[in-house]
Each structure stands twice: as structure tokens, then as C-alpha cells.
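Computation of the quantities below employed the complete heavy-atom set of this structure, encompassing side-chain atoms and omitting hydrogens, waters and symmetry-equivalent molecules.
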Amino acid sequence: MTTHLTSARPAAGPRKESRRRPPAPSTTTVGRPGFGWAVPAAVFFFLFAIVPLIMVAVLSFMSWDGISSPEFVGTDNWSRLIDDPVMLKSIWLTLLLTALGVVLQTPLSILLGVWAAGHQRNRAVLSVIYFIPLLLSATAVSVLWRALLDPNFGIPAEASWLFGDGNLFGEQATAIGVLAFVSTWQFTPFHTLIYQGAARAVPQVLYQAAEIDGAGRYRQFFHITLPQLRTSMITSMILMIVGGLTTFETVLILTQGGPGTDTTISAYYMYDKAFKSFDYGIGSAIALALVVAATIISLVVVRVSGYDKMRSSMEGVS
């Protein structure tokens, strides 16, 4: 009798899936770009910003009519500027127009930017129409409003009951008002875009929490939206200040500094002295003074507002 012995096999159970190890991460790390990537921009900035600025600074101590050789006169140009009543008046007018731009454009830009960040009906179409002035150059805008406000053929001629004799450029008050209005009409859409982007970045959880606490739309605007727009507001104001100090085309086309010198701002006075009177030394001194003034004012705004100490775009969140 033959006996067959068979080895006992364990009962078949569920198979365990083989665990595959994830592929080893690549040893290649991506860091910051090297200095070589910044060389083209640095060279461009040096050639077209630093070098001209140095030349203007040197020329401000020279007497030059654009034809003969420059002659070193020391601080004579600066002394003449200090004693020039037109220069002192132009500084006051420049500061006035800059202040008017900030006062008029800031609230309009905030309101329109917050509105454009919403989801209202036809918001996109209306925003596109409103942003059209932003696509035009300052020269085109000035020519447009010069034609529209012409006292003989423009709007004032057809609405004498509102504009009187229609010559809005004949008096200092109305001429300054026109300059402020045209600048506001052109540049408010730009600052509106800044506030629109900032308003869309506000966390929605803040508004939801405010609604739970019973805060209405106005309280949400003043206690949530405005605090969250602080950094954008400072950036916008710095751009307004620098733009106001360097405004030129609008005055050149609309008023030519008139009547008399009643709208002669510093940038236009620089053009008048350099390219009309051929006194490039005085013109360079005015240009350098504008650069220094814009830099100082911007630094003061940054320091006073605490913008340089901000580390987060969510300052209102604790």
C-alpha cells in the first residue's frame, strides 16, 4: 500500500498589494535667478535714467544756451531761482494742483474701485467704458478738452447760461479748475484699477463675519474695506504726488501757463526757461529740484504712513 504525502498549503487569503515606493525627488533645486538676469535692465536704467540725471545735475551749475560751450557758474543758477518770483509762484501752483488731484481722485477712485470689484449687473461693460480715458495719452486728452471747452465753438459757447462768457482759460481760478478736472478725468481710472484689485483681494470671511454680527453695508465699507485698502491707498497717493509734480502736457496744451503766469507750474516753467529762453542751466536746476522734491515727499509719505513697516496685505486681520 503506497502512501502519498502532500505538503499542506495555507488557505488562500486576500493578496496584499505591493507598495511601490514613490520616485525619488529630483536633486535639482530651483532658486533665485542669478545676477546676470538683471544686467540688461540695470544697464538700461543706468543709461537712460542715472546718466541723464547726472548730466542734468552737472548742467545745473553751468550757463549754457544750447549752442556755445557750457560755462561753469557755480551756484548762480540756484541763487537766481531763489530770487525769482515766478519760480516761487510756480512751486505754490504745483503743490496746489497736486493737492487737488489727491483730494479729488482718491475718494472717486476708492468708490469706483470697490464698486467695480463687485458683481453688479452690466458691471463689466460699464467698467470698460469708464476705463477708456486710461487708454488715451495725456496729449490726446488735452487736445480733446481744449476743443470741447473752446469759448467760441465748444460747450461753453452753447451753454452761456452756465459758463458766462465761456472763456474758462481767462481767469486763474477757472483755469486751475479746468486743469484739475481734466487730470481727474484722465487718471482716476488708473487708480480705480488699483483699488479694484485690492478690493477683490479682501477675504470674504471678514464680510461674512460682519453680516453675522449685524453690520450693514456702510459699516462693512468703513470698518473692513477701507482698512484693507490701506497699502493700496498709500501707493496710489505716492503715484498721484509724483504725477502732480511732473505734470506738463496738460498745461502746455490747455493754458500754456496763462493767463500770464497764473498756471505756470514748475515743470512748465522748466520747459519755458530751457526751450524758449534757451537757458538750459536754469532749466536743469528746476528739473533737479523737482526730482529731489518728489523723492523727499514720497519718502515722507512712506515713513509717516508706516508703509515701509508693513509685512502683510491683511493689516485689518488680527
| message | Around atom CE of Met233, are there more than 12 heavy atoms from other residues, nucleotides or ligands closer than 6.0 Å? | response |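 Counting neighbours around CE of Met233, more than 12 heavy atoms of other residues, nucleotides or ligands fall under 6.0 Å, so yes.
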Report all side-chain donor-acceptor pairs from residues 209-225 shorter than 3.5 Å, counting only partners two or more places apart or in another chain.
| residue | atom | partner | partner atom | Å |
| --- | --- | --- | --- | --- |
| Gln220 | NE2 | Ala215 | O | 3.1 |
| Thr225 | OG1 | Tyr207 | OH | 2.7 |

| task | Mind jotting down which residue pairs meet the ring-ring contact (aromatic ring centres under 6.0 Å, His included) criterion with at least one end in residues 136-162? Sequence neighbours excluded, please. | result |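 Non-adjacent pairs meeting ring-ring contact (aromatic ring centres under 6.0 Å, His included): Trp145-Phe181, Trp145-Trp185.
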Atom pairs and distances, donor-acceptor, side-chain atoms in residues 278-300, under 3.5 Å, two or more places apart:
| residue | atom | partner | partner atom | Å |
| --- | --- | --- | --- | --- |
| Asp279 | OD1 | Ile282 | N | 3.4 |
| Asp279 | OD2 | Arg80 | NH2 | 2.9 |
| Ser284 | OG | Tyr280 | O | 2.7 |
| Thr295 | OG1 | Val291 | O | 2.8 |
| Ser298 | OG | Ala294 | O | 2.8 |

| message | Are Val86 and Met270 linked, directly or through intermediate hydrophobic residues, by side-chain heavy-atom contacts shorter than 4.5 Å (ILVMFWY only)? | response |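 Per the 4.5 Å side-chain linkage, Met270 and Val86 are co-clustered.
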List, by chain and number, the other hydrophobic cluster members for [X], where Ile, Leu, Val, Met, Phe, Trp and Tyr join if side-chain heavy atoms come within less than 4.5 Å, directly or indirectly.
{"X": "Leu104", "result": "none"}
{"X": "Val125", "result": "Ile129"}
{"X": "Leu126", "result": "Trp115"}

For a quick test of your reading: what N or O donor-acceptor pairs under 3.5 Å do the side chains of residues 253-260 make, sequence neighbours left out?
| residue | atom | partner | partner atom | Å |
| --- | --- | --- | --- | --- |
| Thr255 | OG1 | Val251 | O | 3.3 |
| Thr255 | OG1 | Gly257 | N | 3.3 |
| Thr255 | OG1 | Thr263 | OG1 | 3.0 |
| Gln256 | NE2 | Leu252 | O | 2.8 |
| Gln256 | NE2 | Ile253 | O | 3.0 |

Donor-acceptor contacts, no H, no angles, side chain residues 135-142, under 3.5 Å, sequence neighbours left out:
| residue | atom | partner | partner atom | Å |
| --- | --- | --- | --- | --- |
| Ser137 | OG | Ala140 | N | 3.2 |
| Ser142 | OG | Ala138 | O | 2.8 |

| field | Electrostatic pair Lys89:Asp262 at N-O distance under 4.0 angstrom | value |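 Answer for the salt bridge query: yes.
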| field | Ile176 and Leu100, any side-chain heavy atoms less than 4.5 Å apart | value |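 Touching, per the 4.5 Å side-chain cut-off.
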| field | Pairing residues for Asp272 by the salt bridge (Lys or Arg N to Asp or Glu O under 4.0 Å) criterion, not counting sequence neighbours | value |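 With neighbours one apart ignored, the set is empty.
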What side-chain donor-acceptor pairs closer than 3.5 Å can you find for residues 163-171, not counting sequence neighbours?
| residue | atom | partner | partner atom | Å |
| --- | --- | --- | --- | --- |
| Asp165 | OD1 | Asn167 | N | 3.3 |
| Asn167 | OD1 | Phe169 | N | 3.4 |
| Asn167 | OD1 | Gly170 | N | 3.4 |

| field | salt bridge (charged side-chain N to carboxylate O under 4.0 Å, His left out) partners of residues 37-59, not counting sequence neighbours, each pair once | value |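 Passing the test, one end in residues 37-59: no pairs.
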| field | Side chains of Thr94 and Ser266, donor plus acceptor under 3.5 Å | value |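 The criterion, which ignores hydrogens and geometry beyond distance, is satisfied for Ser266 and Thr94.
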| task | Would you check if there is a donor-acceptor pair between the side chains of Asp65 and Ser68 at a distance under 3.5 Å? | result |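 Yes, side-chain donor-acceptor contact under 3.5 Å.
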| message | Tell me every residue that passes ring pair (Phe, Tyr, Trp, His ring centres under 6.0 Å) with Tyr268, counting only those two or more places apart in sequence or in another chain. | response |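 Once residues adjacent in sequence are excluded, the partners of Tyr268 under the ring pair (Phe, Tyr, Trp, His ring centres under 6.0 Å) criterion are Tyr271.
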| Under the 3.5 angstrom rule, does the side chain of Thr188 hit a backbone N or O of Thr184 as a donor-acceptor pair? |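 Checking the backbone N and O of Thr184 against the side chain of Thr188, a donor-acceptor pair under 3.5 Å is found.
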